[in-house]
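Below is one structure, written out as structure tokens; the observations come after it.
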Amino acid sequence: MISNSEVASHLYELAKLTTLAEGNSNAFRVRAYETAARTIDGLVEPVAEMTAEQLTALRGVGPSTASKIRQLIDTGTIERLEELRSRFPPEFVELTTVPGIGPKTAVMLRDELGVTGVGGLRAALESHTLRELPGFGAKTEENILAALERLGVGGKQRRTPIIEAMRVAGDVCNALSQVPGVRLAEPMGSLRRFRETTGDVDVIVVSTGDPEAVMARFVEMPVVREVVGYGARKSAIVSASGLQIDVRVVEPHQYGSAAMYFTGSKAHNIRLRQMAIDRGWILNEYALAEADGGAVIASRTEQEVYAALGLPWISPEIREDAGEIEAALAGSLPDLVEEKHLRGDLHVHTSLSGDARDSLPTMVAAVAARGYRYCAITDHGEDLAINGASRQQLLAQRRSIQRLQVKHPDLVILQGLELNIGRGGSIDYDAEFLVGFGFGVASVHSHFGLSADQQTARVIAAMENPAVNVIGHLTGRRIGKRPGIDLDIGAILTAAERTGCALEINSHLDRLDAPAEVLRAAADRRGVVFAISTDAHDAGELANAAWGVRHARRGWVPKDRVVNTWAPARFLKWVEKKRRG
DNA sequence: GCCGTTTTCGGCCCGACTGTTTTCAGTCG
């Protein structure tokens, strides 16, 4: 059965190729396909089981798109898409991934110069035939060549993992905060929405001082490889690693509308601007204002702008036009989890794990310092080569924990384990030994290449094990480095509801696992609970909980479904219930 | 191609920048 995300992919491709056919990415047909794709991407019910009539009822899906979706489900292909694919083969589509080459230019290159791919483009640039075309000149030729050298093919598509983008954005914001007159420097764009990868980094600086001082400081930063734009209020650089960073300076009174504009998503903004138009207003990065005369209605804070449009403030992590505006209008936005709600960390390593760095007393003291009420110490089980703990070490750790418990009366310290899910769903040790522990996280650390059926079966077997309270980093992915294992998410969620086993929301920026789309689907299953955990390997990593919370928010996870927001009594009752089987 | 508590037809988000132009087209975010 074809999945929703596969259907959505086909529609996105249809939109992409229609852009070339229409010569404009804002063409209504393109936008219509994109809207339909987004709707289906955010849908929990499988579209493969829907009739054309049911499909038409979805937002942004009309008769034409509905019949194309049905055609895809029934025949495995869409006639119109096949037609476009043969008109625009992949080598040609690749041309439009070169910065500066849009649909119009690509088509003209082919029609006028016979350029059908990136190789042909290079040849045309080197032989200076491009400048002969109407509307083109030497400068355009130079710019495309420079863009090709700097960002290469796919420059518009290349995305940077959030861990790297967040580090660079932090450096930039810290440096710019030091400039006199600067009140605030914050990352916006997909980074603020907490997407797992970003195309570029957008930073807004609120300043009452000289904006040019901000820019002067920015382009002098060590991270700068090349300045690609320099102005008083807007500049852009490319970093040493090839990441583009845009900085814009705004006045304090523009902060709300500017933050909304630069945070996006584009689709979310379009919906808001449409709502403004319906009221006879106009919304841009400077203000929400009257269309006639331009009297400002709201601009200072995001809350004021949303309120003027009749909406509650919408959290950046869910601004994707994936149902959040409808939910806001209906007053049914989820009560999203916040960092201050956390009362414990349920995945904490100590130096007993070969890959961790701080001792048990250090980790416990750090957990207590965060004001938590409970925690689970979860070193690696013995099946993990090199990094795992032996039975004897664990028994000694148990005595240490008992002594530390006396020192920390306000913190419940559970001795747990991070167990390894074997190829067939077994876990480390034996049932008798495991009974001595108070908590269990089970994770996949091996056999990443099994089929979806095999992976699903082994994870479900672990969920059913009474020694297991949480499934750690569900897919095992490393963002930008390693894809996650193949899983039947529907079956996993059903098992999670049945067994009461929680899904971990791993806070490490390298993981953010389970992925947001899985969390969103899980959040729709009322019986699924979550644990926001850091998987900390040293005391400093306990602060990663902030990232886990933002990732959870992106997945629409409500506060009361996160077990480590619960009061100690309720939390411990939940732990015990699962362990009794 | 989709949509409608003003519409079933006539609309459909906004602005900056660039390079090529004498008023604008294309690209980008």
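Sequence lines set the chain letters: A, B, ... in the order given, protein chains first and strands last, and positions in each chain run from 1.
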Q: Would you please classify the geometry between the A/Trp547 ring and the A/Phe194 ring as parallel, tilted or perpendicular, with 30° and 60° separating the classes?
A: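 Judged by the thresholds at 30° and 60°, the geometry between A/Phe194 and A/Trp547 is parallel.
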Q) What do you reckon, is CD of A/Glu79 surrounded by more than 12 foreign heavy atoms closer than 6.0 Å? A)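 No, CD of A/Glu79 has 12 or fewer neighbouring heavy atoms, counting only those of other groups under 6.0 Å.
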Could you please name the option among [options] that lies closest to any side-chain atom of [X]?
X: A/Ser64; options: B/dC14, B/dC12, B/dG1; result: B/dG1
X: A/Pro63; options: B/dC12, B/dC2, B/dC14; result: B/dC2
X: A/Arg248; options: B/dC12, B/dG29, B/dG15; result: B/dG29
X: A/Thr65; options: B/dG15, B/dC12, B/dG1; result: B/dG1

Rounded distance in Å between the [atom1] positions of [N] and [M]:
N: B/dT27; M: B/dT21; atom1: P; result: 16 Å
N: B/dT20; M: B/dA25; atom1: P; result: 16 Å
N: B/dG10; M: B/dA16; atom1: P; result: 32 Å
N: B/dT8; M: B/dG1; atom1: C1'; result: 15 Å

Remember a base hit wins even if backbone is also touched, and classify [X] as base, sugar-phosphate or nothing at under 4.0 Å, heavy atoms.
X: A/Arg59; answer: sugar-phosphate
X: A/Val61; answer: sugar-phosphate
X: A/Leu58; answer: sugar-phosphate
X: A/Ala138; answer: sugar-phosphate

Between [N] atom [atom2] and [X] atom [atom1], what is the distance in whole Å?
X: A/Met275; N: B/dC3; atom1: CE; atom2: P; answer: 17 Å
X: A/Asp246; N: B/dC17; atom1: CG; atom2: P; answer: 12 Å
X: A/Arg29; N: B/dG11; atom1: CZ; atom2: P; answer: 18 Å
X: A/Asp321; N: B/dC12; atom1: CG; atom2: C1'; answer: 14 Å
X: A/His268; N: B/dC14; atom1: NE2; atom2: P; answer: 15 Å
X: A/Asp200; N: B/dG29; atom1: CG; atom2: P; answer: 6 Å
X: A/Leu272; N: B/dG29; atom1: CG; atom2: P; answer: 21 Å
X: A/Leu133; N: B/dT21; atom1: CG; atom2: P; answer: 12 Å

Between [X] and [N], is there a side-chain N or O to OP1/OP2 distance below 4.0 Å?
X: A/Thr140; N: B/dT18; answer: no
X: A/Asn143; N: B/dT18; answer: no
X: A/Lys68; N: B/dG1; answer: yes
X: A/Lys266; N: B/dG29; answer: no
X: A/Tyr286; N: B/dG15; answer: no
X: A/Thr105; N: B/dT27; answer: yes

Q: Taking the side chain as every heavy atom from C-beta outward, state whether A/Leu191 and A/Met166 have any atom pair closer than 4.5 Å.
A: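 They are in side-chain contact.
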(Q) Using heavy-atom distances to pick each residue's nearest nucleotide on DNA chain B, tell me which of A/Lys139 and A/Ile277 is more 5'. (A)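 It is A/Ile277 whose nearest nucleotide is closer to the 5' end.
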Q. Mapping A/Lys234 and A/Pro134 to their closest nucleotides on DNA chain B, which lands nearer the 5' end?
A.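 With A/Lys234 and A/Pro134 compared, the 5'-side residue is A/Lys234.
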With no hydrogens and no angle check, do the side chains of [X] and [Y] hold a donor and an acceptor under 3.5 Å apart?
X: A/Glu6; Y: A/Ser3; answer: yes
X: A/His268; Y: A/Arg271; answer: no
X: A/Glu302; Y: A/Trp313; answer: yes

Q) In Watson-Crick or G-U wobble terms, both distances under 3.5 Å, what is the partner of B/dG1? A)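 B/dC12 - that is the nucleotide pairing with B/dG1, both distances being under 3.5 Å.
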Q: Kindly indicate whether a cation-pi arrangement holds for A/Arg300 with A/Tyr255, taking the cut-offs as under 6.0 Å to the six-membered ring centre and within 45° of the axis.
A: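 No, cation not above the ring by the 6.0 Å, 45° rule.
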